[in-house]
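First the structure, in the form of structure tokens, and then the observations on it.
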Amino acid sequence: MPKSNAAPALSPKEQLEVLRRGVFEIASEEELLSKLTASAASGRPLRVKLGVDPTSPDIHLGHTVVLRKLRQFQDLGHQGVLIIGDYTALVGDPSGANKTRPILTEDQVNANAQTYLDQISGIVDTSSLEIVRNGDWFRDLTFKGVLELAASMTVARMMERDDFAKRWAAHQPISMHELLYPLMQGYDSLMVRADVELGGTDQTFNLLVGRQLQRDKNLSPQVTLTMPILVGLDGKDKMSKSKGNYIGVSEAPGDMFGKVMSIADELMENYFQLLTDMPEPDYRKILSAANPRDAKVALARTIVAAYHSETAASAAAEEFDRVFSRHQLPEDMPDIDVKRASLENGAVWIITLIAEAGFAATNSDARRLVAQGAVTIDDNRIEDVAAKVPLTGGEVLKVGKRRFGRIRLV
RNA sequence: GGGGAGAUACCCAAGCGGCCAAAGGGGGCAGACUGUAAAUCUGCUGGCAAUGCCUUCACAGGUUCGAAUCCUGUUCUCCCCA
């Protein structure tokens with residue numbers, strides 16, 4: 001991705017218009033407009049805060065929705081402030097969680113933080129980004145300080161929060177330390193003097209706490225801008241690693257393409273809006289195409305191109321067409337190394353072959369796949385779990401629709 | 001602090017001494033159909049070269065010919081009272 005464009009000096013109103021894309025809610029637009037106006041007048045960029053939790057080293061398209069919004073602010077000449085929540089990660093954000101999250105160690109957090117930065121460098125302009133860790137201020141906060149912070153919130157208000165309320169109603173445990181999370185996040189806003197804070201809609205409560213703490217200190221409260229939660233590949237739940245319904249930004253072009261192709265049709269508009277820069281009239285036109293499949297191909301190409309290249313996107317599209325539409329073999333497939341010494345009379349038990357190729361987790365799993373007719377070698381279906389298959393090298397093992405490999409004798 | 005309820009496979013949830021590798025649903029996987037969409041139908045869903053054997057019903061012991069089921073202790077959770 002290109003670096004931030006030199007601000008083309010859009011008027012505050014024009015900026016607001018750009019920033020509105022895909023947004024769920026801005027609290028409030030009037031405040032944002034007046035901040036943008038003040039910024040334009042003074043030449044002081046707005047400080048736009050985004051807090052991230054370095055709990056998982058893999059970032060996926062769901063994370064990019066908010067990162068892309070941050071990028072928009074940067075492109076408009078504002079100052080991005082990224083908070084690595086190294087301390088908050090020690091707590092574990094309860095947002096959207098229906099159970100207490102595991103607490104990470106400091107070492108894990110540090111490792112994750114670095115990977116995180118590497119991965120977002122393609123999305124936001126990291127060179128101009130102000131990066132801070134909230135451990136910098138929390139580490140030295142005294143217990144007295146914690147008590148003061150805690151005194152600024154009541155239990156009743158905290159329990160208004162959707163996820164706490166749900167867990168409470170469902171008789172599920174809520175640990176004391178989880179109640180501190182929103183306060184910590186709000187305190188971050190205070191520390192970095194945020195003008196705007198970005199987050200997913202699941203962050204709404206936390207973002208509002210920041211406003212309250214700022215008001216308590218007689219500071220101008222931050223504008224909160226919430227983005228919709230990206231629905232994952234299953235078409236139902238929030239895209240998340242734990243659900244396994246995600247597309248990682250560092251996935252290979254082919255995987256990324258295929259995953260986009262597997263989303264529900266209804267999700268396409270949403271994905272165009274939140275994951276691409278394509279102007280609305282353009283994607284609307286694409287969506288009106290006769291065959292929804294064509295629109296999805298366009299979407300997949302756009303997304304792959306953004307994280308890889310146009311060339312990679314074209315190649316992925318061709319490969320996809322060849323393998324899944326025309327049912328031909330993929331151009332590249334992994335080698336399955338089989339030791340000559342392991343062959344008996346030049347053959348190998350089909351179950352071992354599948355398991356050792358990594359196409360099944362266990363032998364039992366491999367048996368099931370064979371029994372269900374999922375396994376072919378050079379297009380010959382193998383349905384006998386006791387089958388010994390003769391190998392001379394070069395055979396293609398296919399398990400299910402997407403697991404391919406070429407036998408190589410070593 | 002006192003009293004009560006509970007912990008079952010990826011998730012929810014039945015089971016209440018042998019017929020339990022454990023009903024049902026969800027999810028997932030596979031097959032058919034297809035656009036790697038949706039919907040639908042079918043099968044599978046602890047491990048093991050496997051008509052059998054091994055490990056699993058929070059953890060550790062115990063009773064019994066036999067325990068997910070009964071007893072004791074431990075850990076954790078929820079509810080009520082204080």
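Naming convention: chains lettered A, B, ... in sequence-line order (proteins, then strands); numbering from 1 in each chain.
Spacing between B:G27 and B:C16 at atom P, rounded to whole Å, works out to 28 Å. Distance check on atom P: B:A22 versus B:C44 gives 12 Å, rounded to whole Å. Taking atom C1' on both B:C71 and B:A23, the two are 27 Å apart, rounded to the nearest angstrom. Atom P of B:A9 sits at a distance of 16 Å from the matching atom of B:G15, rounded to the whole Å. Taking atom C1' in both B:C59 and B:A7, one finds a spacing of 11 Å when rounded to whole Å. Nucleotides B:G26 and B:A13, compared at atom P, are 16 Å apart to the nearest Å.
Contact annotation for A:Ile263: backbone-only contact, meaning every heavy-atom pair under 4.0 Å involves sugar-phosphate atoms and none involves a base. When heavy atoms are screened at a 4.0 angstrom cut-off, A:Ser262 is found touching the sugar-phosphate backbone but no base atom. The residue A:Lys296 sits close to a base: some heavy atom pair falls under 4.0 Å.
The residue among A:Lys388 and A:Lys236 whose nearest nucleotide of RNA chain B is located toward the 5' end is A:Lys236.
Nucleotide B:G61 is matched to B:C71 when pairs are restricted to Watson-Crick or G-U wobble geometry with both distances under 3.5 angstrom. Searching all strands for a Watson-Crick or G-U wobble partner of B:A14 with both distances below 3.5 Å returns nothing.
Ring pair A:Tyr246/A:His60 is tilted by interplanar angle, where 30° to 60° counts as tilted.
With hydrogens and angles ignored, a donor-acceptor pair under 3.5 angstrom links the side chain of A:Gln372 to the base of B:G43. No hydrogens or angles were tested; on distance alone, nothing pairs the side chain of A:Asp234 with the base of B:G27 as donor and acceptor under 3.5 Å.
No hydrogens or angles considered: a donor-acceptor pair under 3.5 Å links the side chains of A:Gln212 and A:Arg157. No hydrogens or angles considered: a donor-acceptor pair under 3.5 Å links the side chains of A:Ser250 and A:Gln119. Checking A:Asn110 against A:Gln114 by side-chain atom types alone, no donor-acceptor pair falls below 3.5 Å. For A:Gln203 and A:Glu197, the side-chain atoms include no donor-acceptor pair closer than 3.5 Å.
Scanning residues 396-408 of chain A for heavy-atom distances under 4.0 Å to RNA chain B yields A:Gly400, A:Lys401, A:Arg402, A:Arg403. Less than 4.0 Å separates RNA chain B from at least one heavy atom of each of the following residues of residues 321-333 of chain A: A:Phe324, A:Ser325.
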For residues 339-358 of chain A, tabulate all N or O donor-acceptor pairs below 3.5 Å that involve a side-chain atom, not counting sequence neighbours.
{"from": "A:Ser342", "atom 1": "OG", "to": "A:Lys339", "atom 2": "O", "distance (Å)": "2.6"}
{"from": "A:Trp349", "atom 1": "NE1", "to": "A:Val385", "atom 2": "O", "distance (Å)": "2.8"}
{"from": "A:Thr352", "atom 1": "OG1", "to": "A:Trp349", "atom 2": "O", "distance (Å)": "3.2"}

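Between the side chain of A:Lys49 and the main chain of A:Ile83, no donor-acceptor pair closer than 3.5 Å is present.
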